A.B. asks: 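So that we are looking at the same thing, I have put the structure below in structure tokens.
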Amino acid sequence: MTPGTPYGNRRVAVAGVALSDCGRVDEATPYALHAQAARRALADSGLDRSVIDGFASAGLGTLAPVEVAEYLGLRPTWVDSTSVGGSTWEVLAAHAADAIAAGHANAVLLVYGSTARADIKAGRRTANLSFGARGPLQFEVPYGHTLIAKYAMAARRHMHQYGTTLEQLAQIAVQARANAATNPEAMYRDPITVDDVLSGPVIADPFTKLHCCIRSDGGCAVLLVAEDYVRDLAKPPVWVLGSGTSVSHTTMSEWDDFTVSPAAVSGRLAFERAGVRPSEIDLAELYDAFTYMTLVTLEDLGFCAKGEGGAFVEKGRLLRDGELPVNTDGGGLAACHPGMRGLFLLVEAVRQLRGEAGPGRQVRKPGGALPQLAVASGTGGWFCSSGTVVLGRG
């Protein structure tokens, strides 16, 4: 296959993308953020809402996505609410693309919104240390094995096995903040240093505060359409070239190797189906709830060999003008992280491929050309699931 080969029976394009208000949003409900993002994405596409016959949402409502669809005034004939943590949106995008390619839907809206930060500030909820204590998790939670502790333990294993250093992990946070500096929508834009990261309060050894994602409010939406609608779009399409999904484990005792994430499978599938190699990718948007997540995903997607992630992230390779721009908006470490952030990865990838990122932060290839290929890879749970989507310009 070559880039642009039809995905299934019909080619699938990203028609519109948008963010809702993000960062500190104290006066909106999650439903309002869903609606705001959906309206903006539809306006971005130039299409009428009547074309939407598919809808995907997760994380809100007792009957997600039925409640959100009702709030938006939609009556879809194709729906999905697969929820697998942070990778949810790449998995939903893969499902939607398959449905459109097969003719089961023509235009699928993916939308997310959360007031995670505002709810905690107002006392409407508390921060969660784990995802629950029922089922398989009952064997871990009583011993204090929190969500962040699972990531921290995996990071320690990588450090022990491959010699990865805390300074190398800190470089990921430093470069994410540098990318956020020119993003007016980012929540934190002030520069930080490796020393700033290392000297912060310890959250779960070896992670200090700046090794961890921020907590924000916000939402976003992505509209996927069949190739039939491309002639009516307000902007040039970005094509879905290939995708892959994978799940690994729930309990840590069932994880075969703490240094390998399910992106090793989802990435291979996505690249094979897109007909491209990792070396051809111009930018990567990766889930970064913790710095280690970025490092191991880079390895598992094939941007560097296993165990070489620490050396790879040094010397500014992840910066907007680096060898492989990663999380060009600042990612979950600096821009926004209102919960299941995976949909934000797709929005940023599309904006970069369209050349819409704006002055000071638009990725350019050598010679000044716009990027041609991007990958968005989401991770869910504690490396329990992964979804990877390869996108390309027309």
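A quick note: this is a predicted structure, and the numbers were derived from the prediction, not measured.
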A.B. asks: Under a 4.5 Å cut-off applied to non-hydrogen side-chain atoms, are Pro65 and Ser81 in contact?
C.D. replies: yes

A.B. asks: Quick one: does Thr146's side chain have a donor or acceptor within less than 3.5 Å of a partner on Ala149's backbone?
C.D. replies: yes

A.B. asks: Rounded at 0.5 Å granularity, tell me how far CD1 in Ile214 sits from OH in Tyr188.
C.D. replies: 6.0 Å

A.B. asks: Please walk me through it: do Trp89 and Val222 pass side-chain contact (heavy atoms from CB on, under 4.5 Å)?
C.D. replies: CA-CA 10 Å; Trp89 301 101; Val222 171; over 6 Å; no

A.B. asks: How are the rings of Tyr292 and His158 set relative to one another: parallel (under 30°), tilted (30 to 60°) or perpendicular (over 60°)?
C.D. replies: perpendicular

A.B. asks: Taking Leu169 as the starting point, is it possible to reach Met153 by hopping between hydrophobic residues whose side chains are less than 4.5 Å apart?
C.D. replies: yes

A.B. asks: Specify the closest pair of heavy atoms between His337 and Ser216, including all atoms of both residues, with the distance to one decimal.
C.D. replies: N-OG, 2.9 Å

A.B. asks: Is any NZ, NE, NH1 or NH2 atom of the basic residue among Lys315 and Glu323 found under 4.0 Å from an Asp or Glu carboxylate oxygen of the other?
C.D. replies: no

A.B. asks: Closer than 3.5 angstrom, by distance alone: can the side chain of Tyr112 be matched with the main-chain N or O of Pro338 as a donor-acceptor pair?
C.D. replies: yes

A.B. asks: Salt-bridged, Arg351 to Asp329, with N to O below 4.0 Å?
C.D. replies: no

A.B. asks: Salt-bridge test for Lys306 and Asp300: reply yes if a basic N is under 4.0 Å from a carboxylate O, no otherwise.
C.D. replies: yes

A.B. asks: Consider only side-chain N and O atoms of Asp257 and Thr259, and report whether a donor and an acceptor are under 3.5 Å apart.
C.D. replies: yes

A.B. asks: Indicate yes or no: does Arg364 engage Asp282 in a salt bridge with an N to O separation below 4.0 Å.
C.D. replies: no

A.B. asks: Mind checking whether Leu92 and Val350 sit in one hydrophobic cluster, side chains of I, L, V, M, F, W, Y counted as touching below 4.5 Å?
C.D. replies: yes

A.B. asks: Walk me through whether Ile192 and Leu210 qualify under side-chain contact (heavy atoms from CB on, under 4.5 Å).
C.D. replies: CA-CA 9 Å; Ile192 57 175; Leu210 292 176; 4.2 Å; yes

A.B. asks: Can we say Arg341 and Glu285 salt-bridge, meaning some charged N sits less than 4.0 Å from an Asp/Glu carboxylate O?
C.D. replies: no

A.B. asks: Counting C-beta onward and ignoring hydrogens, is there a side-chain heavy-atom pair between Arg320 and Gln362 closer than 4.5 Å?
C.D. replies: no

A.B. asks: Decide, yes or no, whether a salt bridge links Asp205 with Arg156 under the criterion of side-chain N to carboxylate O below 4.0 Å.
C.D. replies: yes

A.B. asks: A side-chain contact here means heavy atoms from C-beta on lying under 4.5 Å apart; do Glu90 and Leu345 qualify?
C.D. replies: yes

A.B. asks: Tell me if the aromatic rings of Trp255 and Phe383 count as close, with their centers under 6.0 Å from one another.
C.D. replies: yes

A.B. asks: Would you give the length of the straight line joining atom CG of Leu233 to atom CG of Leu47, rounded to the nearest 0.5 angstrom?
C.D. replies: 5.0 Å

A.B. asks: Any Lys/Arg nitrogen of Lys235 or Glu356 sitting under 4.0 Å from an Asp/Glu carboxylate oxygen of the other?
C.D. replies: yes

A.B. asks: Check this for me: Glu70, atom CD, are more than 12 non-hydrogen atoms of other residues, nucleotides or ligands nearer than 6.0 Å?
C.D. replies: no

A.B. asks: Do Leu110 and Leu343 pass the side-chain contact (heavy atoms from CB on, under 4.5 Å) test, and can you show the C-alpha distance, the side-chain angles, and the key distance before you say yes or no?
C.D. replies: CA-CA 8 Å; Leu110 285 67; Leu343 197 56; 4.1 Å; yes

A.B. asks: CD1 of Ile172 to CZ of Phe290: how many Å apart, nearest 0.5 Å?
C.D. replies: 13.0 Å

A.B. asks: In Å, rounded to the nearest 0.5 Å, how long is the span from CG of Leu72 to OH of Tyr31?
C.D. replies: 10.5 Å

A.B. asks: Check for a donor-acceptor pair, side chain of Gln138 on one end and backbone N or O of Gly135 on the other, with a separation under 3.5 Å.
C.D. replies: yes

A.B. asks: Closer than 4.0 angstrom, basic N to acidic O: yes or no for Glu140 and Arg134?
C.D. replies: no

A.B. asks: When hydrophobic residues are tied together by side-chain contacts of less than 4.5 Å, even through go-betweens, does Leu298 share a cluster with Val390?
C.D. replies: yes

A.B. asks: Apply side chain to side chain donor-acceptor pair (under 3.5 Å) to Ser386 and Ser87, showing your working.
C.D. replies: CA-CA 5 Å; Ser386 177; Ser87 63; over 6 Å; no

A.B. asks: Looking at Asp196 and Arg177, is any side-chain nitrogen of the basic one under 4.0 Å from a carboxylate oxygen of the acidic one?
C.D. replies: no

A.B. asks: Is the NZ or CZ atom of Arg277 both under 6.0 Å from the centre of the six-membered ring of Phe303 and within 45° of that ring's axis?
C.D. replies: no

A.B. asks: Checking side chain to side chain donor-acceptor pair (under 3.5 Å) for the pair Asp195/Ser199: CA distance, chi angles, key distance, verdict?
C.D. replies: CA-CA 6 Å; Asp195 286 342; Ser199 63; over 6 Å; no

A.B. asks: Quick one: does NZ or CZ of Arg393 land under 6.0 Å from the six-membered ring centre of Trp239, within 45 degrees of the ring axis?
C.D. replies: no

A.B. asks: Can you measure from CG (Asp256) to NE2 (His249) and round to the nearest 0.5 angstrom?
C.D. replies: 9.5 Å

A.B. asks: Just checking, any donor-acceptor pair under 3.5 angstrom between side chains of Tyr162 and Glu308?
C.D. replies: no

A.B. asks: Run the side-chain contact (heavy atoms from CB on, under 4.5 Å) check on Arg117 and Met187 step by step: do they pass?
C.D. replies: CA-CA 12 Å; Arg117 177 206 143 272; Met187 195 167 176; 3.9 Å; yes

A.B. asks: CG/Leu241 to CG/Leu373 distance, rounded to the nearest 0.5 angstrom?
C.D. replies: 6.5 Å

A.B. asks: Please walk me through it: do Arg361 and Asp321 pass salt bridge (charged side-chain N to carboxylate O under 4.0 Å, His left out)?
C.D. replies: CA-CA 9 Å; Arg361 77 178 201 90; Asp321 55 356; over 6 Å; no

